[in-house]
Amino acid sequence: MDQFIVQILNGLDKGSAYALIALGLTLIFGTLGVVNFAHGALFMLGSFCAVIMSRILSASHKVAVPGETDFLGNPLMRDQPYVYDWFGEAAGATIVDWAVPISILFAIPVMIGVGFIMERGLIKHFYKRPHADQILVTFALAIVLQEVIKYFFGANPIQTPAPEAFDGSLDFGSWLGFDPLTIMYPYWRLVYFLFAALIIAGVFAFLQFTTFGMVVRAGMADRETVGLLGIDIDKRFTLMFGIAAAVAGLAGVMYAPIVAPNYHMGMDFLVLSFVVVVVGGMGSLPGAVAAGFLLGILESFASMPWMVDKLPGINQIIIYLVAIIILLTRPRGLMGRKGVMED
Amino acid sequence: MSNSNFTRRGVLKTGAIAGAGLTLPTYLRAQDSGFTNAPTGDTVTLGFNVPQSGPYADEGADELRAYELAVEHLNGGGDGGMLNTFSSKALDGTGIMGKRVEYVTGDTQTKSDAARASARSMIEKDGAVMITGGSSSGVAVAVQALCQEAGVIFMAGLTHSNDTTGKDRKANGFRHFFNSYMSGAALAPVLSNAYGTDRKAYHLTADYNWGYTTEEAVRSSTEAMGWETVNAVKTPLTQTDFSSYIAPVLNSGADVLVLNHYGGNMVNSLTNAVQFGLRDAQANGKNFEIVVPLYSRLMASGAGANVKGIYGSTNWHWSLQDEGSQAFVRSFGEKYGFPPSQAAHTCYVQTLLYADAVTRAGSFAPCAVAEALEDFEFDGLGNGPTLYRAEDHQCFKDVLVVRGKENPQSEFDLLEVVEVTPVEQVTYAPDHPQMGGADATLGSCNNGA
């Protein structure tokens with residue numbers, strides 16, 4: 001039973017990442033009709049926003065360490081962050097320590113800007129082209145973005161830790177009456193899950209309860225009629241692209257302490273996120289979220305040692321297996337709408 | 001009037017043979033000089049096949065820096081580096097046998113097929129007489145087999161799997177880097193001293209060739225010391241979040257987690273293990289411990305503070321105080337501004353060893369070079385007295401057991417050497433079961449077509 005709960009918890013944070021990426025993908029597909037293969041790269045860029053902010057806050061000057069020498073025998077120089085000089089050592093250390101949460105403030109405008117530039121600069125020229133062309137150009141863009149990141153940050157993963165306050169794990173088992181240390185759940189993963197839930201709720205509330213959101217939903221249902229009413233739906237959809245990019249970016253920022261950012265991490269998530277979108281139902285936002293969590297949890301269960309022992313390789317194929325079964329039984333996915341990608 | 005012996009049939013026959021000869025790839029025209037890509041002018045070309053893209057691109061970049069430094073030293077540039085400390089004095093800074101060393105590079109992408117394609121291109125198009133490099137055992141085994149077929153020497157870079165000089169050993173291939181067996185043999189006594197002999201280990205193993213041999217080596221060495229292996233789970237090479245694999249470890253009855261992972265896998269699995277509180281946990285009345293059999297400084301920097309106090313093994317470390325290591329660190333550090341990695345060290349040493357073997361053999365012919373390398377004993381290259389064993393073309397030398405440093409002084413100062421395991425302790429028979437047993441043979445040396 002305890003292992004069952006452990007894997008549900010593990011699935012929740014993985015599912016949160018899938019859900020956030022798939023939510024952005026669905027937003028773009030639902031509004032602009034574009035299959036955006038660069039969406040994983042946006043997740044990766046978000047992670048690197050955390051790396052960049054961490055480096056900005058740790059920007060240092062050299063101070064000599066008396067009596068110590070470096071590997072060449074020269075006087076040892078220690079990096080002293082400027083924030084230590086400006087705010088004192090204790091406050092400076094706290095600022096550096098909280099780099100990842102602070103990155104959220106940095107990532108939101110950056111990612112909306114990246115999304116805006118992507119949409120206006122490249123993707124809008126492909127609206128009237130076949131889906132295959134859109135896939136090719138966005139996939140190429142993803143490769144360009146990851147190579148740019150590799151050029152500046154190298155190929156090795158870059159450790160970007162969560163604040164010290166979130167070090168360690170919550171003994172979930174003790175809460176539920178199990179033996180101590182049987183169900184451990186890192187605090188940061190709990191934060192990630194709550195953060196994802198907040199973002200998802202925010203996006204839904206934005207679409208459901210604001211006039212802007214109402215127009216966007218109307219545009220998703222019938223773009224032409226909304227246009228005939230004199231509303232510039234294109235401008236709103238461009239903003240939605242920016243919001244979708246920000247959602248993916250924020251998913252990436254907060255994921256940085258879970259998996260050390262590397263230039264390829266977007267590709268690792270991209271294919272799975274597309275499967276999530278298809279299983280959830282093309283164009284369905286609740287479907288994307290539900291499928292994200294469902295597949296995240298299933299993947300966790302499939303990685304349990306006794307499961308891998310009994311069915312070797314099941315951990316690598318489970319998501320695709322479930323996708324096949326769902327598409328055979330419900331061709332439009334879990335919550336797919338009639339008419340989406342069926343013309 | 002003179003009579004000519006030419007006949008129409010004879011001209012056609014000669015023309016056809018000459019035409020066919022000219023259209024053959026360069027390396028198949030070895031009969032001219034007796035071996036593939038025999039250097040003809042006043043230069044000789046070496047092929048550096050390193051990952052310039054893909055997950056090990058940073059290690060590849062460091063390998064390339066080391067190769068460039070080696071070429072500079074061979075051609076008489078710089079401060080000479082390890083040429084000054086190498087026990088063999090055959091090299092004099094005038095290139096190799098008086099020929100200036102030039103090089104071409106290829107990108108392995110850490111993919112066997114791409115690595116073979118780039119090695120083939122360097123041999124066929126660029127006339128490389130020797131191929132070296134790589135940062136993966138899969139790549140090393142694949143490129144080594146290609147070099148064997150093509151008739152050139154392969155001086156392996158960073159490859160740690162037993163198979164490279166075990167079941168997949170080749171007469172034209174040579175490895176200076178240590179291997180999984182040696183890691184296990186060096187680590188086990190240190191682990192047993194540090195953590196006791198009554199331990200239960202749980203292995204997470206990368207699901208490919210290197211992972212299997214490392215798990216096998218560490219398991220057999222630690223079990224021989226009295227440890228019990230509770231479980232061993234294979235993890236996909238593409239895995240980034242290891243939480244599903246880490247979470248069950250605490251309830252498995254194990255009190256040690258062995259991460260048979262390298263590169264990004266190691267960085268992420270170790271980070272996840274620390275996040276799940278394994279380092280602070282207690283199991284079976286003891287502190288829970290984590291072990292990483294193969295450490296690299298580049299990977300340790302990726303894992304950050306998580307490596308503190310964690311044991312592993314490494315082929316070489318820049319903090320070593322012997323004359324050779326110091327000379328190399330000085331040359332490399334002054335040229336590039338930071339200390340070299342173990343990948344850079346092994347690549348630099350392999351280039352010098354090849355050049356030295358050619359000079360001592362008096363020939364670039366692969367079989368002559370191989371003969372000069374076999375059972376060659378040397379010193380002054382950073383690992384103490386070393387033997388290139390003839391039976392499997394594996395270097396035998398001391399192995400370093402390292403631990404993540406608690407109080408690093410700089411971003412490079414991440415590992416501390418806790419023990420130099422003597423070579424006798426890591427030496428094994430050429431037909432050891434982990435090395436392919438009695439069936440494993442080098443085959444015959446190949447000079448080319």
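Numbers restart at 1 for each chain; the letters A, B, ... are given by sequence-line order, proteins then strands.
Of the two parts of B/Gln282, only the backbone, made up of N, CA, C and O, holds a non-hydrogen atom closer than 4.5 Å to a non-hydrogen atom of chain A. In this structure, chain A has a heavy atom under 4.5 Å from the side chain of B/Thr271, while its backbone stays farther away. Only the side chain of B/Val233 comes within less than 4.5 Å of a heavy atom in chain A; its backbone stays farther off. Proximity to chain B (any heavy atom under 4.5 Å) is shown, for A/Asp70, by neither the backbone nor the side chain. Neither the backbone nor the side chain of A/Gln146 comes within less than 4.5 Å of any heavy atom in chain B. For a residue to count as touching a neighbouring chain, one of its non-hydrogen atoms must lie under 4.5 Å from one of that chain's; by this rule B/Phe332 does not touch chain A. At a 4.5 Å heavy-atom cutoff, B/Asp413 makes no contact with chain A through either its backbone or its side chain. The contact between B/Leu298 and chain A is made by backbone and side chain atoms together, counting heavy-atom distances below 4.5 Å.
When the heavy atoms of residues 255-263 of chain A are compared with those of chain B, the residues falling under 4.5 Å are A/Tyr255, A/Pro257, A/Ile258, A/Val259, A/Ala260, A/Tyr263, listed by number.
Taken to the nearest 0.5 Å, the OH atom of A/Tyr185 stands 7.0 Å off from the CZ atom of B/Phe276. Atoms CD and CG, on B/Glu334 and A/Asn74 in that order, are 8.0 Å from each other to the nearest 0.5 Å.
Side-chain atoms of A/Asn156 and B/Tyr56 form no donor-acceptor pair, as typed in the model, at a separation below 3.5 Å. Counted by atom type alone, A/Lys14 and B/Ser244 present one or more donor-acceptor pairs between their side chains at under 3.5 Å.
The two residues B/Pro248 and A/Gln7 come nearest to each other via the heavy atoms CG-NE2, 3.7 Å. Minimum heavy-atom separation, B/Ala247 to A/Val6: CB-CG1, 3.1 Å.
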When you look at B/Thr240 and A/Met265, which way does the side-chain contact (heavy atoms from CB on, under 4.5 Å) test go after all the steps? CA-CA 8 Å; B/Thr240 50; A/Met265 68 191 300; 5.8 Å; no
One pair to check against side-chain contact (heavy atoms from CB on, under 4.5 Å): A/Lys150 and B/Ser53. What are the steps and the verdict? CA-CA 9 Å; A/Lys150 194 172 81 182; B/Ser53 58; 3.3 Å; yes
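The environment of CD in A/Glu147 is crowded: more than 12 heavy-atom neighbours from other residues, nucleotides or ligands sit within 6.0 Å.
For the set A/Leu9, A/Asn315, A/Val308, the count of heavy-atom pairs under 4.5 angstrom toward chain B peaks at A/Asn315. For the set A/Gln316, A/Glu299, A/Met77, A/Arg78, the count of heavy-atom pairs under 4.5 angstrom toward chain B peaks at A/Gln316.
Judged purely by atom type and a 3.5 angstrom limit, B/Gln275 has no side-chain atom pairing as donor or acceptor with the backbone of A/Pro186. B/Asp58 places no side-chain N or O within 3.5 Å of a backbone atom of A/Gly154 that could act as its donor or acceptor partner.
The residues B/Asp241 and A/Arg189 are annotated as salt-bridged, a charged nitrogen and a carboxylate oxygen being separated by less than 4.0 angstrom.
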